[in-house]
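Notes follow the structure.
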Amino acid sequence: RVLAKLPEDVRKQVVHREAWWNCDEACSLYARAHSLVAMEPHSCIMALAAGTPAIHYFSPFHGRKAWMFLDVGLAEWLIDIDAESPATVLRAWERIHAHHEPARAKVKRAMDGVHRRSAEMMADVASALSLR
C-alpha cells in the first residue's frame with residue numbers, strides 16, 4: 001500500500017478512506033486545495049471548476065477526455081504518463097506552487113472561456129429549437 005510507504009510526518013496528514021466519496025465531498029475538498037495532481041480526469045474537471053490549479057498526469061487510455069486541457073489553454077498541465085517522468089509532474093507543480101496566484105488566474109481565464117463557450121453553445125441549441 002502507498003500509505004505505509006509515506007514518511008511518518010506526511011502519513012499523519014493523510015486520510016485514507018475505505019469507501020468512495022461522493023461528488024460533493026470531492027468538490028468541497030478541491031475547492032479548498034492548493035492544487036491537484038491526478039490521473040483521473042473527472043477530479044481535474046472538478047478542481048478546475050472550483051478554481052484550483054490541476055495537473056492531469058494522463059494515460060492515452062483516457063482518450064479525448066485529456067484533450068480538454070488543450071482546448072481550454074492548459075496544455076502545460078497536461079502530462080502524458082507514457083512520455084514523461086514523474087519529475088516532469090513535480091516541475092510543473094513546483095511552478096504552480098511558486099506562482100500560485102498567477103496559476104489561479106490562469107484557471108479563472110480557462111473557466112471563463114468554458115462558461116462563455118457553453119453559453120454560446122446553448123444559445124445555438126435554443127436557436128435551433130426555436131426557443132428564443
Stepwise salt bridge (charged side-chain N to carboxylate O under 4.0 Å, His left out) test for Arg11 and Glu8: CA-CA 5 Å; Arg11 191 176 331 132; Glu8 179 57 33; 2.9 Å; yes
Could you walk me through whether Val107 and Trp77 pass the side chain to side chain contact (heavy atoms under 4.5 Å, CB included) test, one step at a time? CA-CA 11 Å; Val107 172; Trp77 295 344; 3.6 Å; yes
Side-chain ion pair, [X] and [Y], N-O less than 4.0 Å:
X: Glu76; Y: Lys106; result: yes
X: Arg91; Y: Glu84; result: no
X: Asp112; Y: Lys108; result: yes

Going from [atom1] on [X] to [atom2] on [Y], what distance comes out if it is rounded to the nearest 0.5 angstrom?
X: Ser59; Y: Asp80; atom1: OG; atom2: CG; value: 7.5 Å
X: Phe61; Y: Ile81; atom1: CZ; atom2: CD1; value: 12.5 Å
X: His34; Y: Arg104; atom1: NE2; atom2: CZ; value: 9.0 Å
X: Ser35; Y: His100; atom1: OG; atom2: NE2; value: 5.5 Å

How about CH2 on Trp21, more than 12 heavy atoms from neighbouring residues, nucleotides or ligands closer than 6.0 Å, or not?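 For Trp21, atom CH2 is crowded (more than 12 foreign heavy atoms under 6.0 Å).
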Evaluate whether atom CZ of Arg17 has more than 12 neighbouring non-hydrogen atoms of other residues, nucleotides or ligands under 6.0 angstrom away. yes
Quick one: do His42 and Lys65 satisfy side chain to side chain contact (heavy atoms under 4.5 Å, CB included)? Show the steps, please. CA-CA 9 Å; His42 298 95; Lys65 292 177 189 175; 3.5 Å; yes
Is it the case that the side chain of [X] and the backbone of [Y] share a donor-acceptor pair, with hydrogens and angles ignored and the cut-off at 3.5 Å?
X: Thr52; Y: Leu48; result: no
X: His62; Y: Met39; result: yes
X: Gln13; Y: Val10; result: no
X: His99; Y: Arg95; result: no

Could you label the plane-to-plane angle of the His97 and Trp93 rings as parallel, tilted or perpendicular, counting under 30° as parallel and over 60° as perpendicular? parallel
What about [X] and [Y], same hydrophobic cluster or not, with Ile/Leu/Val/Met/Phe/Trp/Tyr joined at side-chain heavy-atom distances under 4.5 Å?
X: Met68; Y: Val89; value: yes
X: Phe69; Y: Tyr57; value: yes
X: Leu70; Y: Ile79; value: yes
X: Met46; Y: Ile96; value: no
X: Leu29; Y: Ile45; value: no

Among side-chain atoms of Ser28 and Glu25, is any donor-acceptor pair under 3.5 angstrom? no
Smallest separation among heavy atoms of Leu36 and Ala47, with atom names: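 Between these two residues, the closest heavy atoms are CD2-CB, 3.7 Å.
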Closest heavy-atom pair and its distance - Ala31, Ala50: CA-CB, 3.7 Å
